There are 4 protein chains.
Amino acid sequence: MIRVSVVGAAGYTGGEACALLARHPGVRIEGRFGSRRAQTAGSELPPLDVETLLDPRPDAVLLATPHDVSAELAPRLLAAGARVIDLSGAFRLGDPADYPRWYGFTHPAPELLEEAVYGLTEWCDRRLDGCRLVANPGCYATSALLALRPLLAALDPDHGIVCDAKSGVSGAGRRPDAAYSFAEVSGNFRAYGAAGHRHEPEIRQAADLAPGRSFVFVPHLLPVVRGILSTLHVVFRAPMTERDVAGLFHEAYERAPLVRLLPPGELPELAAVAGTPRCDIGFVLREQGRRGVIVSVLDNLLKGAASQAVQNLNRMFGRDETEGLL
Amino acid sequence: MIRVSVVGAAGYTGGEACALLARHPGVRIEGRFGSRRAQTAGSELPPLDVETLLDPRPDAVLLATPHDVSAELAPRLLAAGARVIDLSGAFRLGDPADYPRWYGFTHPAPELLEEAVYGLTEWCDRRLDGCRLVANPGCYATSALLALRPLLAALDPDHGIVCDAKSGVSGAGRRPDAAYSFAEVSGNFRAYGAAGHRHEPEIRQAADLAPGRSFVFVPHLLPVVRGILSTLHVVFRAPMTERDVAGLFHEAYERAPLVRLLPPGELPELAAVAGTPRCDIGFVLREQGRRGVIVSVLDNLLKGAASQAVQNLNRMFGRDETEGLL
Amino acid sequence: MIRVSVVGAAGYTGGEACALLARHPGVRIEGRFGSRRAQTAGSELPPLDVETLLDPRPDAVLLATPHDVSAELAPRLLAAGARVIDLSGAFRLGDPADYPRWYGFTHPAPELLEEAVYGLTEWCDRRLDGCRLVANPGCYATSALLALRPLLAALDPDHGIVCDAKSGVSGAGRRPDAAYSFAEVSGNFRAYGAAGHRHEPEIRQAADLAPGRSFVFVPHLLPVVRGILSTLHVVFRAPMTERDVAGLFHEAYERAPLVRLLPPGELPELAAVAGTPRCDIGFVLREQGRRGVIVSVLDNLLKGAASQAVQNLNRMFGRDETEGLL
Amino acid sequence: MIRVSVVGAAGYTGGEACALLARHPGVRIEGRFGSRRAQTAGSELPPLDVETLLDPRPDAVLLATPHDVSAELAPRLLAAGARVIDLSGAFRLGDPADYPRWYGFTHPAPELLEEAVYGLTEWCDRRLDGCRLVANPGCYATSALLALRPLLAALDPDHGIVCDAKSGVSGAGRRPDAAYSFAEVSGNFRAYGAAGHRHEPEIRQAADLAPGRSFVFVPHLLPVVRGILSTLHVVFRAPMTERDVAGLFHEAYERAPLVRLLPPGELPELAAVAGTPRCDIGFVLREQGRRGVIVSVLDNLLKGAASQAVQNLNRMFGRDETEGLL
């Protein structure tokens, strides 16, 4: 049994992680903590206390904490010998210089950014085996990268990549904010992050896009609780057939149990993945195969956060990738 | 032109009131203010300042302010010669002793409770003409009372009255509260106010129910933005025909332009009144006319608040009741 | 392994049943069929063919079929030696004379009405063990009866029982009907079945209410996909304490793993049971314990249909009641 | 007074048109008809009968009818001397050869395609004055074209234009279709029209895009009742400043009372235009002004259909463009 503790268990993501771990046959939940040092009113969770958390020391800790809390906490846990899967953005970007701009703080442990494995599970090969620190990818980033990476080599570098993404509101977390009230969100729809969203540099980095390569990411807020749908608009180097594109996707995911490919010309819908640990991908070709529209859907709280963390946990400890997830 | 100022114009109710007044041909909006002495971040409204509000003195002030703010503010406005329509609960209950229990404060102006006219427009006769202070009814209370009052004399006093009411979330106002977030409300439904809701004594008083008379009011939170539907379950003294009951309703509302009666056996729906200043009422009889189920629907922000305030304003100033509303 | 076939697997209820059975460790799905003799366009299911269904004969058949189809089909399946759990209303009412009025057809197998066990699992004692035919209760009926039955002996027979119930739209099934379109249901709420709903006689019968006993059932349509919340308004013979009422509920359900009782004064919410096989019940007392408001919530497709069918299947075949459900 | 009749008044669009015309001070509604020759069950409208419709002959007829019905009906109405505003696609495309592919019928009156004025009001100059036949634009097309046309000359012809559009469900009309049921749409989101949507050739034509110019239009179905939000992704010939782009929009719309331009860097939201006759447009620049993201929002039933029809009616009859709309 892997002994796992969860910090930030009162949030949507942490709560989903606890639910998954509770029914995982190979895991024992050692402890569940809030994400703050003081206890939140109304929460039944004990506040975060590192000494309690480490006594006894769990095998792994899932951090569903604010970015800056994760950045402070992870080094202490690693130093004590625990392995860490961090669901925040604290270890996703490789360059410490990016943190002030995108996350609003100077990184307190820049030496860990290189060690952290970016946990887009399907693209991690063997790097997760036995690693100490996983930076669990962002929800938008997971959605965009799973759709984009198999096609990268086939894309025309002289043309931009557009990722027009739409997310449900649980992505904003459980917090008192009138902007996410039912009265404001119901019947509404809007783009946001116009000035640049922090998942954009994450996607650029994980897709290894050259500095001058055009990539535009525009997120929108959907009036649904769960799920992200990303529509990618791409231009190929040379005209592609449906068979060509399907081939690239099959090559990438034929051994990925949690990615489902739709037949060419069919596009996936959000409801099919809500509540599941899966990402569904479909595509259509336009303009005689010169352009492609790729659509991926996933549950932002699961494949976009908690279930991908469990996938990574399974891989870190040498277990079957889907254990506890299906 | 009636010169009107609105305090609390940044809230849902105050905003609706401003929109109605702006297109009212007989009204000029003199000023719009926030409901607090300090300016709210992000609001374009000036903070509440009584001197500014009274210079020049408007003919009437609509208060869409918190209960305690209204209770403090109304006496000062009246003293300066302005007439006041208060959309809070500050002047709805006649007995000052009820305020600590139901509203959490000792009433600062108990002498005004007797003077205030309870503005359930259709039942005000001539009391609104020229009055100085109107206590605009609560949204649930309006819905329950319009359905109940025509039948009161026909009800069996040995049996209770049940009001099972359901409201959209805008009734809770515009405020940052995770309980009203889209993620919590969407796909959800729940009863609340189990220990007693402050509209219950308001309804008892306005329906003139004897102290020992059984009346149970249970509100529920609907996953819609606007609207209240109240289902009343009543027992008649003697079996009634549909014609009997329809007769009572017609007698009560034949001259009420903003109450619409459905044919016997038909029940109204929320969507038909959302965005309108109207209350729709329908009923069915059960058990050979011994019992009745009465359903009323209205828009909580309009007939349950802002448009009823404008109805009352029209009547106070001798204008047609529906002016600016249809 | 219990070999089970499902008829009507393309509907919401049948689909949920298939999903539950597919992950049930003690069940093998033998076949899945549409509910009509001709194949529905777009469906991947084979049309209903009794010979195919019975070759080889499954141990049990779940019928998620229209009422009249179930009434025709069940006798043939029983005659062939299969056991039947019928999710329609075809075997719920004991008196064949009630079928023309409430279901619109003359019952073709009235002799089975007495044999059929009304499968409100928590109240079936040992009658499910080895029985041949289960009439799985209606969704509203399950919700009302679980809340009402523990209290029946304590209620004042001179006062009526009111069940003000609210259901999500999946209760209407998967069918092309503009009344259930998103544009009509979203933001809307309405009562229906004013002239009497067919779950009313079902509840009367299963609660063993005397013919003259007043019972009013009013269903409403909620803008949510899943779930029923029933608010019951009752009058006790004598004033009750919270402890009295809690005692009655605990006595009834202390051994019921799928009924969860809330602390006195707390009322349940729909979202807590959506997607679960559970019914949550809470209550508040009013008027010094003379009246009670009981609220129950369940997922209409699960505890109100498919998961209760699996609960019953487990009991029929001597397995643990919750197997495959938690 | 302009005497106007409406055909197809039972649909969402026709119903909105009737509501607008009913409160238009310069219009008298002469007749309202269903869109079929036989009366629809449940409708209170008389069935479509051309003789009744033309006796007496109204000044103008609004057709909110299926494409093929409009194509048959318009010539007869014009021949009788009525002027026609057609809200279907029957007269939007200039080339009769496009009708079999995009609309599934051979056009019965190809000679009218050249005469019909494409009624994107803000771009019609004086062509609406006194014209006989208006092809009211599609909802998606209105949204895309209002955002795109001011920028066309500034775009790089070597790069494609992407229009990623999202519409509420009322765009599909009032019809019994399980795909638009609440249970299927709520909590869901999906792209559709993957193989090409009929508004794509309409946009290409109205934007005068050269045959080889890349333009990709991908519509999605939002879980909201009303509204379209289109996100356009464009590449400029040369880097643009916010001031450059704002200048192009202001030049285009400075005299357009129903287009509202947001400050540079701000993007509009759906709720702000739902229920209004307005289109709101905002933009952000990316990659040092080489790329732009333009977002437009409108109410698909109003500016995307009925209110634009009234705008056009006003212009055809020499009245103020906004009469009856604000």
Side-chain angles (χ1 to χ4, degrees), chain A residues 158-160 162-168 183-196 200 212-218 220-229 231-235 264-272 274-275 282-287 290-293 295 297, chain D residues 158-160 162-168 183-196 200 212-218 220-229 231-235 264-272 274-275 282-287 290-293 295 297:
Chain A
D158 292 337
H159 283 264
V162 168
C163 178
D164 194 290
K166 301 89 178 175
S167 173
E184 296 299 324
V185 171
S186 178
N188 202 358
F189 183 63
R190 60 183 170 88
Y192 67 101
E200 187 162 325
R213 181 72 182 277
S214 170
F215 173 68
V216 172
F217 172 69
V218 179
H220 301 69
L221 185 70
L222 277 175
V224 307
V225 178
R226 281 161 171 270
I228 286 180
L229 183 148
T231 310
L232 287 122
H233 303 271
V234 301
V235 182
E266 290 187 21
L267 299 177
E269 65 179 356
L270 212 53
F283 71 89
V284 293
L285 298 183
R286 305 296 293 268
E287 303 180 358
R290 173 84 166 127
R291 285 187 154 267
V293 178
V295 176
V297 290
Chain D
D158 293 337
H159 283 266
V162 168
C163 178
D164 193 288
K166 303 87 178 175
S167 173
E184 297 299 324
V185 171
S186 178
N188 202 358
F189 183 63
R190 60 182 169 87
Y192 67 100
E200 187 163 323
R213 181 73 182 278
S214 170
F215 173 68
V216 171
F217 172 69
V218 179
H220 301 70
L221 185 70
L222 278 175
V224 305
V225 178
R226 282 162 170 269
I228 287 180
L229 184 149
T231 309
L232 286 122
H233 302 272
V234 301
V235 181
E266 289 187 22
L267 298 178
E269 66 179 356
L270 213 53
F283 71 90
V284 292
L285 298 182
R286 305 297 292 267
E287 304 180 358
R290 173 85 166 126
R291 284 186 155 268
V293 178
V295 176
V297 291

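Here is how names work: the chains are called A, B, and so on, in the same order as the sequence lines, proteins then strands, and each is numbered from 1. On a predicted model such as this, the values are computed, not experimentally measured, just so you know.
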(request) For each of D/Ser214, D/Ser186, D/Ala274, D/Gly227, tally heavy-atom pairs with chain A at distances under 4.5 Å, and name the one with the top tally. (result) D/Ser214
(message) I'd like to know which of A/Val284, A/Val216, A/Leu270 tops the heavy-atom pair count under 4.5 Å against chain D.
(response) A/Leu270
(message) Go through it in stages, so that I can follow the logic: the residues are A/Glu287 and D/Arg213, the test is salt bridge (Lys or Arg N to Asp or Glu O under 4.0 Å), and I'd like the CA-CA distance, side-chain angles, deciding distance and then a yes or no.
(response) CA-CA 10 Å; A/Glu287 303 180 358; D/Arg213 181 73 182 278; over 6 Å; no
(request) Measure across D/Ala191 and A/Val295 and return the closest heavy-atom pair with its distance rounded to 0.1 Å. (result) CB-CG2, 4.4 Å
(request) List in chain and number order the residues that pass salt bridge (charged side-chain N to carboxylate O under 4.0 Å, His left out) with A/Glu266, two or more places apart in sequence or in another chain; answer none if no residue qualifies. (result) none
(request) Quick one: pull up NE2 in D/His233 and CG in A/Asp164 and give me the separation to the nearest 0.5 Å. (result) 3.5 Å
(request) Output the option from A/Asn188, A/Val224, A/Leu267, A/Val293 having the highest count of non-hydrogen pairs under 4.5 Å with chain D. (result) A/Asn188
(message) The criterion is side-chain contact (heavy atoms from CB on, under 4.5 Å); which residues satisfy it with A/Val185, sequence neighbours excluded?
(response) A/Val169, A/Leu221, A/Pro223, B/Phe182
(request) Measure across D/Leu222 and A/Phe189 and return the closest heavy-atom pair with its distance rounded to 0.1 Å. (result) CD2-CD1, 3.6 Å
(request) Considering only heavy atoms and a distance below 4.5 Å, find which of D/Lys166, D/His220, D/Arg290, D/Arg291 pairs most often with chain A. (result) D/Lys166
(request) Assess the side chains of A/His159 and D/His159: does a donor N or O sit below 3.5 Å from an acceptor N or O? (result) yes
(message) Shorter than 4.5 Å, heavy atoms on both sides: which option in A/Leu285, A/Val225, A/Val235, A/Val218 has the most such pairs with chain D?
(response) A/Val218
